[in-house]
Amino acid sequence: MIDVSHLSYVIADHQILNDITTQLPRNQITALIGPNGAGKSTLLGAIARQLTPSVGEVRIGGENLTQIDPQVLAKRMAIVAQQLHVGSRIRVADLVGFGRWPHSQGRLSAADNAAISDALKRFDLTALHHRFLDELSGGQRQRAFLAMAYTQDTDWLLLDEPLNNLDLKHARSLMAHLRQMVDHGGKSVVVVLHDLNFTLAWADHVVAMRAGQVVFSGPTTEVATSIALSDLYQTEIEVTSLNDRRFALYHR
Amino acid sequence: MHDISLPAPPAYRGNSPHPLTNRHLWALALALVVACGVFLFWGGGWQSSYILQLRLVKLGGLLCVGASVGVATVLFQTLTNNRILTPAIMGFDALFLLMKTVLVFFSTALSLQFWDNTTVFLGDTAMMIGATMAIFAAVLRRARHDIQLLVLVGVIFGLLFRTITGFLQRLLDPSEFAMLQADMFAQFGGIDRDALTIAATLMGALFIWLAGSHRRLDVLALGRNSAQSLGLRYDRLQLQVLAAIAVLVSVSTALVGPLAFLGLLVSALTHSLMRSHRHGLLLPAAALIACLILVTGQTLFERILNLQSSLAVVIEFCGGLLFLTLLARGKIK
């Protein structure tokens, strides 16, 4: 379990996160939802220790995050940020191979190579593995970074808007992979999602944020109601179900 | 109907073969050995040990400068995540000259005339490292992703450093000014033997460190977010690399003076030859290519063109031309 307590983050007089206290359950898919500028990415960054909170602390499995050695933490938690930029000319397979860095420090063993090969297959990159990253489309590049984080083989996987740029097929297959990692691999996933339908279809737990605060959180089926979501996004949203699947209608 | 069958892509077979198995590196090393041999022995080197000795010192200087410019440029481009900036373009060597001028300016107070060459050189380098850390660490942390801003900051810093240097030099008395003059222009003629020994020692130590950490540099090149997620102590390594660049720029500027575009020429050639992200390949290749350019160029100038022009001028001309070409083709990223 990840425990966030009284977390605040201030940048240039702007309160990005305001006294956030919430818990992210183990062995579930947790969706961070909320309107633009709610502080979802910042919260994810603070949990992954990419920025230092002004006040408050994050605990992972009871341990204070700041006390964990970065190299040890990299075996427990991986994050894929929203903006992915690599200056050097690097091939897809090499990028994915960096996921093994925390385990092998750059000297790839046969087992590492098998893991890379598996990740390439899972993320539909085998045919592209020899291509340079700057020759790929946005969605393909996104998949390469996801494959890298997958290869890192951590207990926790944090993804910031992973569905950006992905087409229908790859978006669905990514969520199915996450589901499988949680159900059969004992992993825990935290993911920032903008598409409510993906949230309703795949997430076990929801943390809803607005203006740097948590508005509500809990099991998706309980808390993601028409009233709560309409209030969160300040626009009319109807949650309905068809064939035992839940949908959000907000298109017109 | 045409039957379009694409060739199957090569299967993934694992990666990262050892740098010593790379044939490009061996070819470059061989070419450099030949170039050095020609430089030493063409035109009477074997007849007189005096000529040979002079040429050995000069060759040592060329190799030191080449290796430091090549390696510094690749390191800097890794740090800034781009392919067009070099330490020289960002005003690093102007900063070195400023530090040197400041040291000479206060030489009476510091009784600099009693220092030996080694102490002066180490003093220059230490000040350079301090100033680099103070100024560029903050800039890089804030503006790393904004290449236009970095270029602007570099241009303005370079101008600022040069102006302050010029101002201080006007206040110097003529004898102190003479101490500085030799360092202000790139010249491969008079390389000081003592300086060369220290330079080579410093670089040797640095290259041993690089040989141990080139894999971490590969991760550094992924950028802050990804590198940190992989458990790299990004900020610490960034400072270490910045210090390494400061040392290398000090070495090359102290030996021959500022060279603005050699680094750019070398990095462009290195990337197009190696086509790799691995510093185990990039760093040695850049060092070898820079040495090859300098040694070959110097040989041609001394033996064929009879010193009609200056090597620095021609390298700067070619490098500058390349810089403009890259700019025009929109290769800045």
Side-chain angles (χ1 to χ4, degrees), chain A residues 45 48-50 69-110 112-114 116-117 120-121 125-134 145 148-149 152 154 158 160, chain B residues 6-18 74 76-85 144-147 212-237 267 270-272 274-282 331-333:
Chain A
R49 220 164 73 181
Q50 299 211 314
D69 181 86
Q71 285 191 23
V72 175
L73 188 66
K75 292 182 194 169
R76 294 173 63 178
M77 181 193 278
I79 182 168
V80 180
Q82 206 178 138
Q83 280 171 355
L84 306 164
H85 167 84
V86 168
S88 55
R89 221 167 139 68
I90 180 170
R91 293 178 200 275
V92 172
D94 292 328
L95 182 79
V96 176
F98 275 116
R100 297 309 295 169
W101 170 266
H103 307 272
S104 64
Q105 305 294 314
R107 293 183 171 83
L108 297 177
S109 66
D112 291 329
N113 278 321
I116 295 165
S117 189
L120 289 170
K121 217 173 292 164
L125 292 165
T126 308
L128 301 173
H129 85 267
H130 207 61
R131 294 262 286 272
F132 284 106
L133 219 55
D134 53 7
F145 276 92
M148 171 169 93
Q152 211 172 323
T154 51
L158 314 182
D160 195 352
Chain B
L6 292 169
Y12 176 70
R13 301 181 311 268
N15 46 11
S16 76
H18 196 273
V74 170
F76 189 74
Q77 296 189 341
T78 295
L79 205 62
T80 52
N81 254 326
N82 84 93
R83 287 282 181 78
I84 198 156
L85 293 184
R144 192 173 344 109
H145 295 302
D146 193 342
I147 215 75
S213 38
H214 65 88
R215 290 192 180 80
R216 290 194 293 148
L217 294 172
D218 298 345
V219 180
L220 186 82
L222 293 179
R224 192 166 189 273
N225 285 343
S226 302
Q228 273 190 337
S229 177
L230 293 174
L232 187 78
R233 289 173 203 272
Y234 184 88
D235 293 337
R236 199 171 72 177
L237 185 59
S267 89
T270 304
H271 285 299
S272 62
M274 303 309 287
R275 293 169 61 82
S276 168
H277 66 285
R278 295 174 56 206
H279 289 76
L281 299 174
L282 289 176
K331 282 274 165 94
I332 303 180
K333 337 193 223 193

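By convention in this document, chain letters (A, B, ...) are assigned in the order of the sequence lines, proteins followed by strands, and residues within each chain are numbered from 1.
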For this session: Starting from the C-alpha separation in whole Å, work towards a yes-or-no answer on salt bridge (charged side-chain N to carboxylate O under 4.0 Å, His left out) for Asp235(B) and Arg224(B).
Result: CA-CA 8 Å; Asp235(B) 293 337; Arg224(B) 192 166 189 273; 3.2 Å; yes

Exercise. Given Met148(A) and Ser229(B), is the side-chain contact (heavy atoms from CB on, under 4.5 Å) satisfied, shown in steps?
Worked result: CA-CA 11 Å; Met148(A) 171 169 93; Ser229(B) 177; over 6 Å; no

For this session: May I have the step-by-step check of side-chain contact (heavy atoms from CB on, under 4.5 Å) for Ile90(A) and Leu222(B), ending in yes or no?
Result: CA-CA 9 Å; Ile90(A) 180 170; Leu222(B) 293 179; 4.1 Å; yes

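Put simply, the side chain of Asp69(A) reaches to within 4.5 Å of the side chain of Arg233(B), judged on heavy atoms.
For Leu73(A), no part lies near chain B; criterion is any non-hydrogen pair under 4.5 Å. Contact of Ala48(A) with chain B is not made at all, since no heavy-atom distance falls under 4.5 Å. Proximity to chain B (any heavy atom under 4.5 Å) is restricted, for Gln152(A), to the side chain, taken from C-beta onward. For a residue to count as touching a neighbouring chain, one of its non-hydrogen atoms must lie under 4.5 Å from one of that chain's; by this rule Arg131(A) does not touch chain B.
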